[in-house]
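Since the structure comes first, as structure tokens, the remarks are kept for the end.
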Protein chains: 4
Amino acid sequence: MTSRKQEKFDLILEAALKVIAENGFHGSQISKIAKEAGIADGTVYLYFKNKEDILISLFQQRLGDLVSMFNNSVQEANSADEALRKICEIHFTELEQNVNLAYVTQIELRQSSLELRKAIGLSVKPYIQLIEKILIQGVQEGSFRPDLDIKLTRLLLFGGMDEVVNSWLISGRKYSLTAQIDKTVEFFLKGLK
Amino acid sequence: MTSRKQEKFDLILEAALKVIAENGFHGSQISKIAKEAGIADGTVYLYFKNKEDILISLFQQRLGDLVSMFNNSVQEANSADEALRKICEIHFTELEQNVNLAYVTQIELRQSSLELRKAIGLSVKPYIQLIEKILIQGVQEGSFRPDLDIKLTRLLLFGGMDEVVNSWLISGRKYSLTAQIDKTVEFFLKGLK
Amino acid sequence: MTSRKQEKFDLILEAALKVIAENGFHGSQISKIAKEAGIADGTVYLYFKNKEDILISLFQQRLGDLVSMFNNSVQEANSADEALRKICEIHFTELEQNVNLAYVTQIELRQSSLELRKAIGLSVKPYIQLIEKILIQGVQEGSFRPDLDIKLTRLLLFGGMDEVVNSWLISGRKYSLTAQIDKTVEFFLKGLK
Amino acid sequence: MTSRKQEKFDLILEAALKVIAENGFHGSQISKIAKEAGIADGTVYLYFKNKEDILISLFQQRLGDLVSMFNNSVQEANSADEALRKICEIHFTELEQNVNLAYVTQIELRQSSLELRKAIGLSVKPYIQLIEKILIQGVQEGSFRPDLDIKLTRLLLFGGMDEVVNSWLISGRKYSLTAQIDKTVEFFLKGLK
DNA sequence: GATGAATGAGGCTTCATTCAT
DNA sequence: AATGAATGAAGCCTCATTCAT
């Protein structure tokens, strides 16, 4: 993709994120997104196959960035404990700093069709796999219980963090999300040992 | 509500559950639900204000039944540990036995509008509060850590179980959900101590 | 179909015929047809699957009526010669008397999709087959040449009449179509003997 | 028109014929035609006023070539009978040898707007007039009936041949079109005498 | 109470055409 | 002369809800 094309591609995704955050999933017409991006409706279709394609791309791009960030941080970690703390730190910090992204991914995109959510699921997978890798590493290091059910535990970790973010959003962000990191990690680590 | 009214009220909710489980949220038109219930489209509106009202009522009724069941079981428990185990047991057992209910509440109803999901949230609240009560009890009993953040922990527990159910459904129920109870509770208890 | 349903079904087809005749195929939106019929747009879809279904039904109904008329008249004929004359008489007379129908079937519907025209072709088939039957009868009676290629000749007859009607319409109906019957039949009969 | 201009003009028409034959009238976007011609979309508009102009030009060019061919052959004919046979021969032979042209003119271009078809009608006119000339000649020669209605008969001849070609195309060209020449001419000549 | 025919708003997408480069 | 990115109008269809019977 040329830089010019990439530029407008990003412009539309950014507009989509803002419009969905402001109007909700069902209130986000293509015309609104185009207007926010300052282009004609038809132009959107030069960059995306259809509406669903915008949403999937949006999720892929943003989640891809997050996963890169996760990977980089985890590589710097000296132990599974530290890696897990990094995971939770980034998870909570990034979503607290990008409320629009948090709102769209946690609340709005979950009302989309099964089709779309399956595609989104694929974007989440690398993240789940990263958690899995950390768990395996922890068991090998001897810092996590050897009888840990990896497949089950990764769900308990992801589901726990996910629900904390959800609750924080639905509450109207009345408290700090990052302030929950220490206790969350503590709970996880105790459960893993 | 007269018994006659209650009867048809329940009939419609039952039809709705079946139709949504079979056709998905977006494929469940009022006409389909009415047909499944063996009544005319218009009759639905004699018992429910609108479509959203059906879904909220459905959730309230079924989740209300579950919460009663939770409450009864928990009262019989002799310790917080045992109560928590009961919670997880019922959560996984009931949803494994009522796949339609599981599918509709975990997958389909989450595609509904923010409005609807807020109402649904109210139905989930008593459950979350029950978990909270158990946590407080456990701290008082001395079996759970005294420094536990109750509000945060209840989310981690609920979110963890929720994600396990979700993953089980999305996987196509290829393994036993109840078989996850022991390890899930173990992880939770370790984290709580 | 109940009489009430049939009534509105016919009402919509009548409206469609008028609207297409007045606005052309591409200028005939569902909304225009509904307005002409005095009903809401959505009501159209209680009686027809989609726009194409209206057009096919229109053609089937009107051509079905014509074919019935052809069949009845032909049965009364004492010879193949007379039957052929009847065919041409009805063909030209009916279309001259129903200019809207003529215009729509000859001009407008021919700009439709291949799909639609295939369906329409099925409606025309019984007519072509009737001509074929007359030709066979004529050969058996000894009034037509025994070496006649039936499949080819039926096309020459149908195509000839079709083009005469076409030309009459495109000319703006500046002359009488029925006045062409005698000479047309004369040409055909000579060619057949 | 300079030779350079003429060259690209022809290139576009050739591309249009191929694209329409392969994709149907409704599947033939300007972008497809431009791509087939190896030029940019906008370049098309340096040579043609609009899309309709391409189609009209295509028809004019190809039908013009055919009419020239008709004229040349007819001039060599020694009698009206022979001329008529030549007409039918060329009509069937040329379309059998140029299936793309046959398909586009007989099937695809007929789905176009009334506007376009009127313009196309102008291109067909010289052909109809040629048939007319032959008929007049035949009457003068004494080989055709003196009471022949020239205007009507030319339609019967053209319409007959047109329908035979149509039917051959729709059938999927399962038989030889040129094999129909003899019997078609025989039918015509008998009808004319 | 029950019916079910009728309503009508609302949005995604295509593609011929333009025009700045 | 050539490009090709951008434009934006236009229409089919669905389905929650109503109301006359």
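Residue numbers begin at 1 in each chain, while the letters A, B, ... track the order of the sequences.
What separates CD1 of D:I12 from P of F:dA1 is a distance of 12 Å, to the nearest Å. Taking atom CD1 of residue B:I33 and atom C1' of nucleotide F:dC15, one finds them 12 Å apart after rounding to whole Å. Straight-line distance from the CZ atom of C:F48 to the P atom of F:dC13: 13 Å, rounded to whole Å. Nucleotide F:dG8 holds its P atom 11 Å from the CD1 atom of A:I39, rounded to whole Å. When rounded to the nearest whole Å, the span between NZ of C:K32 and P of F:dA10 equals 11 Å. Between the NZ atom of D:K35 and the C1' atom of F:dT3 there is a distance of 16 Å, given to the nearest Å. Spacing between atom CD of A:Q29 and atom P of F:dG8 amounts to 19 Å, rounded to whole angstrom units.
For the atom pair C:F59 CZ and C:L66 CG, the distance stands at 9.0 Å (nearest 0.5 Å). Atom-to-atom distance recorded for C:I39:CD1 and C:I12:CD1 is 4.0 Å, nearest 0.5 angstrom. For the atom pair CG of B:L46 and NZ of B:K8, the computed distance is 8.5 Å after rounding to the nearest 0.5 Å.
Using a 4.0 Å heavy-atom criterion, one finds that B:Y47 contacts the sugar-phosphate atoms exclusively. When heavy atoms are screened at a 4.0 angstrom cut-off, C:I30 is found touching the sugar-phosphate backbone but no base atom.
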Trace of the side-chain contact (heavy atoms from CB on, under 4.5 Å) decision for C:L13 with C:F48: CA-CA 10 Å; C:L13 288 189; C:F48 298 92; 3.6 Å; yes
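Here D:K8 reaches the OP1 or OP2 of F:dA2: one of its side-chain N or O atoms lies under 4.0 Å away.
Residue order along DNA chain F, read from the 5' end via each residue's closest nucleotide, puts A:D41 first among A:D41 and C:S31. A residue-by-residue look at D:A40 and A:V44 shows that D:A40 has its nearest nucleotide of DNA chain F further toward the 5' end. Both B:G38 and C:T43 sit near DNA chain E, but only B:G38 has its closest nucleotide nearer the 5' end.
Between B:D162 and B:Q106, the side chains place a donor N or O and an acceptor N or O closer than 3.5 Å (distance only, hydrogens not considered). Side chains of A:Q61 and A:D10: a donor-acceptor N/O pair is present below 3.5 angstrom, by distance only.
With hydrogens and angles disregarded, no donor-acceptor distance shorter than 3.5 Å links the side chain of B:Q60 to the backbone of B:S123. The closest donor-acceptor contact from the side chain of B:K51 to the backbone of B:I30 lies at 3.5 Å or more, if one exists at all.
Between D:Y47 and D:I54 there is no side-chain heavy-atom pair separated by less than 4.5 Å.
For DNA chain E, the outermost nucleotides in 5' to 3' order that have an atom under 4.0 Å from a heavy atom of chain C are E:dA6 to E:dG8.
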Dot-bracket notation for DNA chain F, counting Watson-Crick and G-U pairs under 3.5 Å, with | for partners on another strand: .||||||||||||||||||||
